[in-house]
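These notes are about the structure you will find just below.
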Amino acid sequence: MYKRQVTLFLLILAGFVLLIAGADFIVKSSVAMANKLKIPPLIVGLTVVAFGTSAPEFVVSLTSALEGAEGLVLGNVVGSNTANILLILGSSALIFPIYVNRRAFFRDYGFLLLVTLVFVCFALTGVFVFWMGIVMLLMLAAFIVLNYLSATNKAGGEYVSAWDHKSWPFVIVAAVLGLAAIVYGADLLVDGAVGIAKALGVSEEIIGLTVIAVGTSLPELATSCVAAWRKQSDLAVGNVLGSNIWNIVFIMGAAAAVTDVEVPAQFVRYDMWVMLAATLLLLLPVWRRAYIGRIYGALFVICYLAYLTSQVLIARGLF
């Protein structure tokens with residue numbers, strides 16, 4: 001038993017190391033790509049980086065859907081989106097205030113709010129079915145096209161990467177290695193964390209909303225925090241907005257297109273409304289001052305800790 005626990009903790013530690021290293025590679029290579037292509041880093045964050053950092057959620061959710069573990073599928077998407085805003089952007093803002101391009105932010109935030117509302121409406125029916133998955137995948141296609149059209153009309157070069165002088169093959173290989181590191185690191189961390197959670201007798205829904213959601217969101221956390229540390233705010237914000245959009249329209253869309261996904265009562269009663277509230281809360285600091293300062297960062301993190309506390313109370317039947 002002791003050896004098993006040590007092994008699980010070593011998996012978690014290895015996952016963290018890979019996530020941090022991979023995130024550093026992703027930030028450097030993605031900004032270098034943006035500068036070489038002369039497009040804003042925000043666009044790269046919304047597409048390439050967001051897709052890469054959403055890969056753990058996709059793998060976990062699709063596997064869970066095929067195995068009939070609906071609680072893990074929805075818990076992963078809802079929990080990850082909540083964590084992305086409250087924990088990840090909050091932590092990033094605590095490291096360094098996040099300044100936002102209001103015009104770009106409101107365009108992409110508007111799309112995120114739209115797909116979140118569509119997700120809520122679909123969830124209220126009690127089951128995600130094939131046609132709902134197709135609708136969400138079509139929304140993903142529209143999102144990619146809109147970002148492509150936006151990128152062709154804007155200049156890049158807003159940030160400087162240490163790899164700007166590197167060749168295209170180097171930057172591409174670095175990006176692939178970075179994505180591989182964060183995906184594999186997240187896999188190791190989730191395996192270790194789920195093993196510990198199961199040993200404590202935690203339910204499937206709670207595991208999905210907390211352990212797996214946070215674990216699969218660690219690539220976004222690592223990438224956004226490193227971007228904030230390097231004062232590349234657009235990449236940090238774009239990564240979170242893009243990841244939340246991809247989580248809903250790509251991950252949930254693909255899962256629903258493959259098999260029907262029933263919605264547990266807890267999500268309809270509580271968790272998806274927390275996700276929607278977190279999405280609306282993100283609008284407040286940007287609407288007022290066009291940046292997310294440390295005060296709001298602290299508020300976001302406190303809200304997330306309160307949410308985790310509520311999950312503990314739910315698990316114990318006290319909430």
Side-chain angles (χ1 to χ4, degrees), residues 26-27 30-31 33-35 37-54 57 77 80-82 84-86 88-90 92-93 97-122 135-159 217 220 223-224 227-228 231-253 275-293 296-297 300:
I26 284 294
V27 171
S30 60
V31 173
M33 286 183 198
N35 291 337
L37 295 172
K38 299 187 183 302
I39 60 175
L42 177 64
I43 303 301
V44 179
L46 283 163
T47 53
V48 179
V49 180
F51 169 73
T53 54
S54 291
E57 285 96 333
V77 172
S80 292
N81 278 23
T82 303
N84 283 350
I85 294 175
L86 299 181
I88 293 170
L89 273 185
S92 300
I98 299 175
Y99 292 87
V100 178
N101 181 318
R102 290 176 65 123
R103 182 176 180 181
F105 173 86
F106 286 130
R107 179 197 65 220
D108 299 311
Y109 174 84
F111 197 90
L112 171 60
L113 183 59
L114 172 64
V115 299
T116 301
L117 291 173
V118 169
F119 176 90
V120 169
C121 290
F122 286 170
V135 168
M136 288 186 281
L137 290 175
L138 289 174
M139 294 180 77
L140 171 62
F143 174 68
I144 294 174
V145 170
L146 287 174
N147 276 281
Y148 172 78
L149 294 176
S150 174
T152 58
N153 294 321
K154 294 185 178 181
E158 297 176 27
Y159 301 116
S217 289
E220 287 92 338
T223 301
S224 293
K231 300 180 182 179
Q232 292 162 347
S233 300
D234 278 358
L235 190 61
V237 175
N239 180 37
V240 168
L241 292 177
S243 291
N244 280 22
I245 291 170
W246 280 80
N247 283 349
I248 293 176
V249 295
F250 175 54
I251 296 173
M252 198 64 230
M275 179 185 71
L276 178 59
T279 303
L280 293 173
L281 181 62
L282 176 58
L283 182 61
L284 184 59
V286 180
W287 184 272
R288 295 186 61 193
R289 294 187 175 182
Y291 82 100
I292 305 172
Y296 276 103
F300 283 13

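In this chain, numbering begins with 1 at the start of the sequence shown.
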Evaluate side-chain contact (heavy atoms from CB on, under 4.5 Å) for V115 paired with L140, printing each intermediate quantity in order.
CA-CA 9 Å; V115 299; L140 171 62; over 6 Å; no
By ring-ring contact (aromatic ring centres under 6.0 Å, His included), which residues pair with F119, not counting sequence neighbours?
F128
Point-to-point distance, once rounded to the nearest 0.5 Å, from CG of N81 to CD1 of I88
9.5 Å
I'd like to check V249 versus F143 (side-chain heavy atoms, cut-off strictly below 4.5 Å). Are they in contact?
no
Report the residues that fulfil side-chain contact (heavy atoms from CB on, under 4.5 Å) with L138, sequence neighbours left out, ordered by chain and then residue number.
I134
Spacing of L280 atom CG and M275 atom CE [to the nearest 0.5 Å]
10.5 Å
Does the pair I85 and L281 meet the rule for a side-chain contact (heavy atoms from CB on, under 4.5 Å), with working shown?
CA-CA 9 Å; I85 294 175; L281 181 62; 5.9 Å; no
Name of the residue among N84, T279, D108 meeting side chain to side chain donor-acceptor pair (under 3.5 Å) with N244:
N84
Which atom pair, heavy atoms only, marks the closest approach of L112 to T116?
O-OG1, 2.7 Å
With side chains defined as the heavy atoms from C-beta onward, is the minimum distance between I251 and W246 less than 4.5 Å?
no
What closest approach, in Å, do L89 and V240 show between heavy atoms, and which atom pair accounts for it?
CG-CG2, 3.8 Å
Any heavy-atom pair between the side chains of I248 and M136 that's under 4.5 Å?
yes
For V286, what residues pass the side-chain contact (heavy atoms from CB on, under 4.5 Å) criterion, not counting sequence neighbours?
V100, F105, F106, I292
Locate the shortest heavy-atom distance separating G293 from A93; write the atom from each residue and the value.
O-CB, 3.7 Å
Closest contact, heavy atoms only, F300 versus P285
CZ-CG, 4.2 Å
